[in-house]
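Since the model is a prediction, treat every value here as computed from it, not as a measurement. These values consider heavy atoms only, across backbone and side chains, with no hydrogens, waters or symmetry-generated copies.
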Amino acid sequence: MGGMPFLHNIINDKQAINQYLDDVYSSIILKDVVARNNIRDVDLLDRVVMYVLANIGQTFSANSIVKYFKNEQRTVSTDTVLNYIRACEEAYLFYRLSRQDIKGKRILSVYVKFYAADHGLREAVYGRNNQDIERVLENIVCLELLRRGYKVTVGIVDDIKEVDFVAVKNNKPIYFQVCYYLAHDSTIEREFGSLEKINDNFPKYILSMDQIDMSRNGIIHLNIEDFLLKVNF
């Protein structure tokens with residue numbers, strides 16, 4: 001349900017929580033985004049926001065959204081989509097993460113990822129947080145890294161392997177993979193394999209809800225709750 005402070009007062013009332021979060025979302029959209037940017041097509045803005053919230057943690061571009069609307073028989077320009085997304089970022093509705101070629105040390109200009117500023121707003125507006133638990137866990141880790149003052153990007157290794165987060169502070173990177181459970185061999189190999197492709201000695205972590213430590217080859221496996229509760233990181 002996210003981390004909005006007022007939830008503490010209504011924590012046992014699911015209906016009240018959803019109503020409160022929906023009201024917060026409406027306030028952000030109507031006051032911070034629509035009014036400040038003189039947006040006339042509120043329905044289109046709402047659809048753009050819904051698309052982004054539905055695809056948190058997934059790489060896409062403004063062109064992807066334009067094609068999506070085209071399939072729905074609705075014409076919209078790339079510039080309009082970009083302007084709406086930028087307005088939502090300025091209202092702190094969600095955060096944009098660029099993609100970084102880890103070995104080449106360069107930022108890639110195509111495709112980005114977005115994460116909700118509070119995943120409770122996603123649940124209230126889009127729903128499906130229980131079904132999309134892995135994306136929600138990624139969202140939580142992303143917000144925590146930003147809160148701790150890291151500059152965060154998405155890592156790419158050998159143009160194929162993806163590393164969920166490259167967190168940099170004081171010019172020193174830390175690499176993170178996030179998953180729900182390391183329940184299958186294929187999942188273990190996928191999560192560890194991406195980090196094993198990085199040929200440097202900076203810290204590498206896999207975060208999941210598992211209670212058993214599966215660390216290997218210098219890659220540290222942590223329970224997500226333990227990561228969130230660590231004072232120094």
Legend entry - Nearest non-hydrogen partners of Arg122 and Ala54, listed with the distance: NH2-O, 3.6 Å

Legend entry - Carboxylate-amine/guanidinium contact Arg148 Glu144, below 4.0 Å: yes

Inset, instruction - Verify side chain to side chain donor-acceptor pair (under 3.5 Å) between Asp200 and Tyr175, making sure each step is shown before the conclusion. - result: CA-CA 11 Å; Asp200 65 32; Tyr175 305 102; 2.6 Å; yes

Inset, instruction - Run the ring-centre check on Phe227 versus Phe176 and record whether the distance is less than 6.0 Å. - result: yes

Inset, instruction - Carefully, step by step, assess Val163 and Ile198 under the rule side chain to side chain contact (heavy atoms under 4.5 Å, CB included). - result: CA-CA 10 Å; Val163 176; Ile198 304 172; 3.9 Å; yes

Inset, instruction - Output all residues satisfying salt bridge (Lys or Arg N to Asp or Glu O under 4.0 Å) with Asp43, sequence neighbours left out; order by chain, then residue number. - result: Arg47, Arg74

Legend entry - Sub-4.5 Å side-chain heavy-atom contact between Arg99 and Thr59: yes

Inset, instruction - I would like to know whether Glu138 and Tyr115 meet side chain to side chain donor-acceptor pair (under 3.5 Å); could you show each step before the answer? - result: CA-CA 8 Å; Glu138 264 190 53; Tyr115 290 92; 2.6 Å; yes

Inset, instruction - Measure the shortest side-chain to side-chain distance between Leu97 and Phe114 over non-hydrogen atoms and say whether it is less than 4.5 angstrom. - result: no

Inset, instruction - Using a cut-off of 6.0 Å, state whether more than 12 heavy atoms not belonging to Gln131 lie near its atom CD. - result: yes

Legend entry - Distance-only polar pair, side chains of Asn223 and Ser208, donor-acceptor under 3.5 Å: no

Legend entry - Derivation and outcome, side chain to side chain contact (heavy atoms under 4.5 Å, CB included), residues His221 and Tyr205: CA-CA 6 Å; His221 175 226; Tyr205 289 88; over 6 Å; no

Inset, instruction - Decide yes or no for Met1 and Ile11: does some side-chain heavy atom of the first lie under 4.5 Å from some side-chain heavy atom of the second? - result: no

Inset, instruction - Using a cut-off of 6.0 Å, state whether more than 12 heavy atoms not belonging to Phe69 lie near its atom CZ. - result: yes

Legend entry - Spacing of Ile224 atom CD1 and Asp210 atom CG [to the nearest 0.5 Å]: 9.0 Å

Legend entry - Lys113 side chain vs Gly57 backbone, donor-acceptor pair below 3.5 Å: yes

Legend entry - Residues Lys197, Glu162: salt bridge by 4.0 Å N-O rule: no

Legend entry - Shared hydrophobic cluster for Val125 and Ile56 (ILVMFWY, side-chain gaps under 4.5 Å): no

Inset, instruction - Please determine if Arg96 forms a cation-pi arrangement with Phe60, meaning its NZ or CZ atom is less than 6.0 Å from the six-membered ring centre and no more than 45° off the ring axis. - result: no

Inset, instruction - State whether the number of non-hydrogen atoms from other residues, nucleotides or ligands found under 6.0 Å of Lys169 atom NZ is greater than 12. - result: yes

Atom pairs and distances, side-chain donor-acceptor, residues 23-30, under 3.5 Å, sequence neighbours left out:
unit_1 : atom_1 : unit_2 : atom_2 : d
Asp23  : OD1    : Gln19  : NE2    : 2.9
Tyr25  : OH     : Asp46  : OD1    : 2.8
Ser26  : OG     : Asp22  : O      : 3.0

Inset, instruction - Start with the C-alpha gap between Glu196 and Asn217, add the side-chain angles, then the distance that decides, and say whether side chain to side chain contact (heavy atoms under 4.5 Å, CB included) holds. - result: CA-CA 8 Å; Glu196 288 170 344; Asn217 298 333; 2.8 Å; yes

Inset, instruction - Decide whether Asp213 and Ser215 meet the rule of one side-chain donor and one side-chain acceptor closer than 3.5 Å. - result: yes

Legend entry - Enclosure of Asn71 CG (heavy-atom neighbours >12, cutoff 6.0 Å): yes

Inset, instruction - For Leu21 and Gly120, work out which heavy atoms get closest and say how close. - result: CD1-O, 3.3 Å

Legend entry - Candidate pair Leu137 and Met209, rule side chain to side chain contact (heavy atoms under 4.5 Å, CB included), full reasoning: CA-CA 9 Å; Leu137 291 173; Met209 294 301 294; 4.1 Å; yes

Inset, instruction - Could you tell me which non-hydrogen atom of Pro203 sits nearest to which non-hydrogen atom of Pro173, and how far apart they are? - result: CD-O, 3.8 Å

Inset, instruction - Check for a donor-acceptor pair, side chain of Asp226 on one end and backbone N or O of Leu222 on the other, with a separation under 3.5 Å. - result: no

Inset, instruction - Please confirm whether the backbone N or O of His119 pairs with a side-chain atom of Asn129, one donor and one acceptor, at under 3.5 Å? - result: yes

Inset, instruction - Report yes if the side chains of Phe202 and Ile174 come closer than 4.5 Å at any heavy-atom pair, otherwise no. - result: no

Inset, instruction - Report the C-alpha distance between Phe6 and Tyr20 in whole Å, list the side-chain angles of each, state the deciding distance to 0.1 Å, and finish with yes or no for ring-ring contact (aromatic ring centres under 6.0 Å, His included). - result: CA-CA 9 Å; Phe6 186 73; Tyr20 167 71; 5.1 Å; yes

Inset, instruction - Look at the side-chain heavy atoms of Ile, Leu, Val, Met, Phe, Trp and Tyr, link any pair under 4.5 Å apart, and say whether Tyr95 and Leu82 land in one connected group. - result: no

Inset, instruction - Check whether more than 12 heavy atoms from other residues, nucleotides or ligands sit under 6.0 Å from atom CD of Glu225, and answer yes or no. - result: no

Inset, instruction - Evaluate the salt bridge (charged side-chain N to carboxylate O under 4.0 Å, His left out) criterion for residues Arg216 and Glu189: first the C-alpha distance (whole Å), next the side-chain angles of each, then the deciding distance (0.1 Å), finally the verdict. - result: CA-CA 11 Å; Arg216 77 181 196 195; Glu189 293 308 312; 3.2 Å; yes

